[in-house]
A.B. asks: 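Before I ask anything, here is the structure I am working with.
Each ligand, and each atom within it, is numbered from 1 in the order the structure gives.
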Amino acid sequence: MGTEDSAESRITELSERIRQHDLLYYRDDAPGITDADYDQLKQELLELEAAHPELVRPDSPTQTVGADPSTLFAPVQHRVPMMSLDNAFDRDELEAWADRARRRLATGDLGDLMCELKYDGLAVSLRYENGVLTQAATRGNGRVGEDITANILALEYKKKKSVPHRLPGGSPGVLEVRGEVYMPLDAFADLNKQQDEEEKPRYANPRNTAAGSLRQKDPSITATRGLSIWCYQIGEIQGGPTLETHNDTLEYLRSLNLPVNPKSKSVSTIDAAWKFIEQCEADRHNLPYEIDGAVIKIDRLDFQRELGATSRAPRWAIAYKLPPEERTTKLLDIHVSIGSKGKATPFAVLEPAFVGGSTVEMATLHNEDQVKAKDVRPGDTVVVRKAGDVIPEVLGPVLADRPDGLPVWEFPEVCPCPHQQPLARQEGDAAHYCRFPRCPEQLRGWIEHFAARNALDIEHLGEQRVRLFIDLGFISDIGDIYSLPYDRIRELEGFGELSVANLATAIEASKQQSLARLLVGLNIRHLGDTTCELLADAFGSLDRIMGASVEELAEVDGIGPIIAESVYEFFLSEANQEIIQKLPKELLEASSSDAEAEVEALPQTLEGMTIVVTGGVEGYTRDGVGAAIKARGGKAPGSVSSKTTALVVGENPGASKLEKAEKLGIPILDEAQFQRLIESGELP
Ligand code: IVH
């Protein structure tokens, strides 16, 4: 009795909530929850009703379709009701559907199955009379929809009508076709680009935007939204050909120039249908429109008639729903993470939610402005999206669920590390930074960066070991790498004699790296590999760089004032000076003398010349070509001007440099001619 009571009240509660969400979704185009959360409510209701069939009411959302139409548009009575589809979420449910259908069919056999994509848009009905489009309607509650004829007539995608206004000659007296109106992803991206330009909020997803766009009072707005349609069914037909299968239907619609999706596939077993579904899942993100599943249909129309329908869905078809890409969950808090250069990035700490094929507990919020624009606050219910391999994203709050008086989140004033140094945001910068060089939050990133392949290239000092050595207190800055306590490391689990020896050798070898690589390893803000090389070439030693003024730094070709300022500030910091003093003498000296030696050792064949390179030149890295030119006394700027002596054209050259050189009559050299020039200093 007790369980019956609680089942009844839960059924009432679920029904009410679902009905509320149906209104928001179908009538207002403003869903209150994600599809996946909705499906979950519906599933719970279905299961409860299955366990208590006596509690199923005729107006339960499991027995009805959509929502009553709004009063914005004139009502349209569907002569043949527009139904929904039952869902399957896994292979067992798909098999169970097939078993049920087999049992109902006299032959006990399903025959062929048509597999289609399940387009994520909204269902519409198009009525053609004597080949002319006379009426278009939304599904509404399945019996009565809304008249959207003017909007459908206005639809255009890529400057072409999306829906034919006329069918070719010989079409039936009455043809009522059904299909899904959707927003192609490029149209969606264009629309959001426009929103960005106008500084208006972005649209959340293509399906809701399609629905909102279609149900505009002003068709000229609908017209600009790039909506399109896939037709998949005939509702009513008078005077057409005799069609025997669903496949025939699709072919016939195609022959009338109606847009029919080319990906449909006829198969003869459930096994093959399952393969189609798996393929959909794999291809999902390679399509130019969104899908939320696949639809499997029994092909023979006489079998379809034999199976009939429940009050809301046909028995001859089943929708397989792909795992959700969007979910609502609780935003527990907003924390800030500190990157290796001190950049403070806010991120969402979420109640774990299964979305996009994995459990999501964190999502980046990028920066202060993004948090403000989205207006997400700890305590909010938020929509989280994860499409494919994309990093999870918080789309925004569900405002209806926001507790009263929830405070706005403020960017923290201090770094989360125990030193609690200030986080500051400079004008024109989107990010906050922690400027404290010994911030432990930055340390790991810095050490990893120092050991990376493009910097000091220390093999055997990977992410895990860095973490371990920091945790054990062996390393608290990059200088400590050169005084690791090997006797203690030897005692650690997982460190054999050989691996300790390998690590020590790699660290020893790094002492011979160049000045440019050392600069990369110092992790100075705004400095990249190329600018490090420019500085190394221009100054020749770390001492000289450390002694340079902002102006002297900025005089170097390719070093702008922001970089110069950043370098100057880095070396001004006492903490950084202390760290540098801990670096081994060999490293500091080897890098400087190496650089100088290189400059002096080579014959200055290119003195006075300005050589521009475009494309890849064999035997050099992109930066290396420039270095080779400069090492021989030449200049190697990034663009062609009247001062350019010659343009070297390698693999995949840029068109603009070539064009400009041709226009200015500058000699153009191939790789072999370049090689000769380097050696002899003579232009061909
Ligand atoms: S056939 C009797 N085929 O999914 C219903 N529907 O969740 C016949 N949908 O209402 C529908 N792609 O709006 C069919 N290939 C497809 C579909 C499709 C998307 C939509 C349609 C339907 C809803 C059910």
A.B. asks: Can Arg139 be said to touch ligand 1, with heavy atoms closer than 4.0 Å?
C.D. replies: yes

A.B. asks: What is the distance from atom CG of Asp299 to atom CG of Leu110, rounded to the nearest 0.5 Å?
C.D. replies: 11.5 Å

A.B. asks: Heavy-atom contacts with Glu116 under 4.0 Å: which atoms of ligand 1 show up? List them by number with element.
C.D. replies: 3 (N), 15 (N), 16 (C)

A.B. asks: For ligand 1, note which part of Asp120 has a heavy atom under 4.0 Å away: side chain, backbone, both or neither.
C.D. replies: neither

A.B. asks: Using the rule side chain to side chain contact (heavy atoms under 4.5 Å, CB included), only one of Val124, Leu126, Val181 pairs with Val163; which is it?
C.D. replies: Leu126

A.B. asks: What protein heavy atom is closest to atom 12 (N) of ligand 1, reported as residue, atom name and distance in Å?
C.D. replies: Tyr119 N, 3.1 Å

A.B. asks: Taking Arg312 first and then Asp86, would you say they form a salt bridge - that is, a charged N and a carboxylate O separated by under 4.0 Å?
C.D. replies: yes

A.B. asks: Under 4.0 Å between a side-chain nitrogen and a carboxylate oxygen: does that hold for Arg385 and Glu326?
C.D. replies: yes

A.B. asks: Considering non-hydrogen atoms of the protein only, which is the closest contact for atom 4 (O) of ligand 1, and what is the distance?
C.D. replies: Lys118 NZ, 3.2 Å

A.B. asks: Polar contacts were defined as any N/O atom of the residue lying under 3.5 Å from an N/O atom of the ligand; does this apply to Gln233 and ligand 1?
C.D. replies: no

A.B. asks: Could you establish whether Ala319 and ligand 1 come within less than 4.0 Å of each other, counting only heavy atoms on the residue side?
C.D. replies: no

A.B. asks: Can you list the ligand 1 atoms lying under 4.0 Å from a non-hydrogen atom of Leu117?
C.D. replies: 12 (N), 15 (N), 16 (C)

A.B. asks: Could you list the atoms of ligand 1 found under 4.0 angstrom from a heavy atom of Pro314?
C.D. replies: 2 (C)

A.B. asks: Using a strict threshold of under 4.0 Å (side-chain N to carboxylate O), is an ion pair present between Glu129 and Arg127?
C.D. replies: yes

A.B. asks: Salt bridge check: are Asp99 and Arg102 linked by an N-O gap of less than 4.0 Å?
C.D. replies: yes

A.B. asks: Would you say the ring centroid of Tyr289 lies under 6.0 angstrom from that of Tyr182?
C.D. replies: yes

A.B. asks: Could you tell me whether Leu85 approaches ligand 1 through its side chain, its backbone, both or neither, with non-hydrogen atoms closer than 4.0 Å?
C.D. replies: both

A.B. asks: Would you mind checking if Glu325 and Arg284 are paired as a salt bridge, meaning a charged N to carboxylate O distance below 4.0 Å?
C.D. replies: yes

A.B. asks: Can you find an N or O of Glu180 that's nearer than 3.5 Å to an N or O of ligand 1?
C.D. replies: yes

A.B. asks: Specify the protein heavy atom at minimum distance from atom 6 (N) of ligand 1: its residue, its atom name, and the distance to 0.1 Å.
C.D. replies: Tyr232 CZ, 3.4 Å

A.B. asks: Give me the nearest non-hydrogen protein atom to atom 3 (N) of ligand 1 as residue plus atom name, then the distance to 0.1 Å.
C.D. replies: Lys297 NZ, 2.9 Å

A.B. asks: Suppose we measure from atom 5 (C) of ligand 1 to each protein heavy atom; which comes out shortest, and what is that distance?
C.D. replies: Met83 O, 3.5 Å

A.B. asks: Is it true that Asp375 and Arg402 have a side-chain N and a carboxylate O under 4.0 angstrom from each other?
C.D. replies: yes

A.B. asks: Short N/O distance, under 3.5 Å, between Trp316 and ligand 1?
C.D. replies: no

A.B. asks: Determine the sole option in Arg79, Met82, Glu236 for which the side chain to side chain contact (heavy atoms under 4.5 Å, CB included) test with Ser125 is passed.
C.D. replies: Met82

